[in-house]
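Following: one structure in structure tokens, then a few remarks.
As the structure lists them, so they are numbered: ligands from 1, and atoms in each ligand from 1.
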Amino acid sequence: MSHLETKWIKDLEHTWNEEAIRQAGQIIRDGGLVAFPTETVYGLGGDALNPDSSRKIYAAKGRPSDNPLIVHICRLEDLPKVAAEIPENARKLAEKFWPGPLTMIFKKTDLVPKETTGGLDTVAVRFPDHKVALAFIDAAGGFVAAPSANTSGRPSPTLGKYVYEDMNGKIEMLLDGGQVGIGVESTIVDVTGEKPMILRPGYVTYEMMQEILPELLQDPTMFSVSGNAKPKAPGMKYKHYAPKGELTIISGQADHVRKRLQQEVDKKRAQGYKVGVIAAGEDGSAYQADSVKVTGNRDDLAQIAKDLFRMLREFDDEGMDFMYTESFSDKGIGQAVMNRLLKAAGHKIIDADQEETDDSNRQ
Ligand code: TXA
Ligand code: MG
């Protein structure tokens, strides 16, 4: 892959830059790649209707090309150009949640190349709620294919500098709009089946959608620890958001968690490892480790979502060998938080309410 000069346009959250957005749009029309902010995470954008652009996206991310991309639009009227059928359920969801952090899966039209959909007959479509994203998509011609702007396997970028870290030299431009608002990727709902089904949890929760879609289902593989069932969103089967060190979740009653987590940290540090901790606000001073990241209070799940990927990236930068995190509620947006944490931890979870049976401690 040839090395590109990546133009980093900063400060878009404070300063509107019409010229940069026009240039970014032109790059996409010419078949190039531009990373851009959305309300969830940064996207790595290319022309969704150009098969070569999609190939370039897979190459820049180092992503398997059977993992389909999300097509981003900037107005509802454009939906029928990429979605062959728009079921009633989709109309209801769009009315309530678009623009916003919700992606829907439709039967695709012939306009959408198979390179963009990873060979599938369906297409994922999202109408983001972000001023820079919308202006950019419009300038780019209206259909921007974009996965999250991280190297495949790394945490999704929530800040421009993380996009630069992963994508410098691989894309033509980075539109930097500062820290994103939500911090975990959009909720994905498949509306092609008889009953709609959540394939990936996100900011728009099951409870929020269930109000208007009583028949809403959830892909059972979203939370399963193992099992042979294959997730319906191809990307969900990959090990994602993996920090370089090893992450373990400690669950259970708060006082048990504090005690057990610190014990685990002490064991690893005694062996000479660098150890990081993620703690809820209430437990900010409860731990001693090489790096302690304090996020929102337990009931402030939106703040925890916003901090999550940044904390994992910081641990990478700090060279942590092992990391331990408290477990959080899986209600509301907590469902998305725990889904991402479980993936980052490769499903390693310790129940602090159980007596420890680890041999190393039975002396
Ligand atoms: O918030 C977001 O959705 C961000 C921003 C940039 O919009 N994008 C994002 O894209 O998270 P990505 O590529 O990292 O995740 C897209 C997910 C993958 O798990 C993929 O397999 C699934 O959507 N997906 C895409 N098209 C699909 C389809 N036709 N059927 C089922 N799953 C699909
Ligand atoms: Mg991703």
Taking distance alone, with no angle check, do Lys61 and ligand 1 share an N/O pair under 3.5 Å? no
Below the 3.5 angstrom mark, is there an N/O of Ser186, backbone or side chain, next to an N/O of ligand 1? yes
For [X], atoms of ligand 1 separated by under 4.0 Å from a heavy atom:
X	value
Leu120	28 (C), 29 (N), 30 (N)
Glu185	1 (O), 2 (C), 11 (O)
Arg63	12 (P), 13 (O), 14 (O), 18 (C)
Thr122	28 (C), 29 (N), 30 (N)
His72	5 (C), 6 (C), 7 (O)
Ile70	3 (O), 8 (N), 9 (C), 10 (O), 16 (C)
Ile188	17 (C), 22 (C), 23 (O)
Gly43	6 (C)

Heteroatom N/O/S of Asn150 within less than 2.8 Å of the Mg ion (ligand 2): no
Side chain of [X], backbone of [Y]: donor and acceptor closer than 3.5 Å?
X	Y	answer
Arg22	Ala139	no
Thr109	Lys81	yes
Asn297	Asp299	no
Asp190	Thr192	yes

Given salt bridge (Lys or Arg N to Asp or Glu O under 4.0 Å), test Glu88 with Lys92 step by step and report yes or no. CA-CA 6 Å; Glu88 187 51 31; Lys92 287 186 192 160; 5.2 Å; no
From Gly118, Ala124, Ser148 - option closest to atom 14 (O) of ligand 1 by heavy atom: Ser148
Against ligand 1, does Asn67 come closer than 4.0 Å with any heavy atom? yes
Looking at Ile73 and Ile137, what are the two nearest heavy atoms and their distance? O-CD1, 3.8 Å
Nearest heavy-atom approach of Val204 to Met209 is CG1-CG, 3.6 Å
Within one Ile-Leu-Val-Met-Phe-Trp-Tyr cluster: Leu312 and Phe328, side-chain cutoff 4.5 Å: yes
Exactly one of Lys61, Arg63, Arg154 clears salt bridge (Lys or Arg N to Asp or Glu O under 4.0 Å) with Asp166, and that residue is Arg154
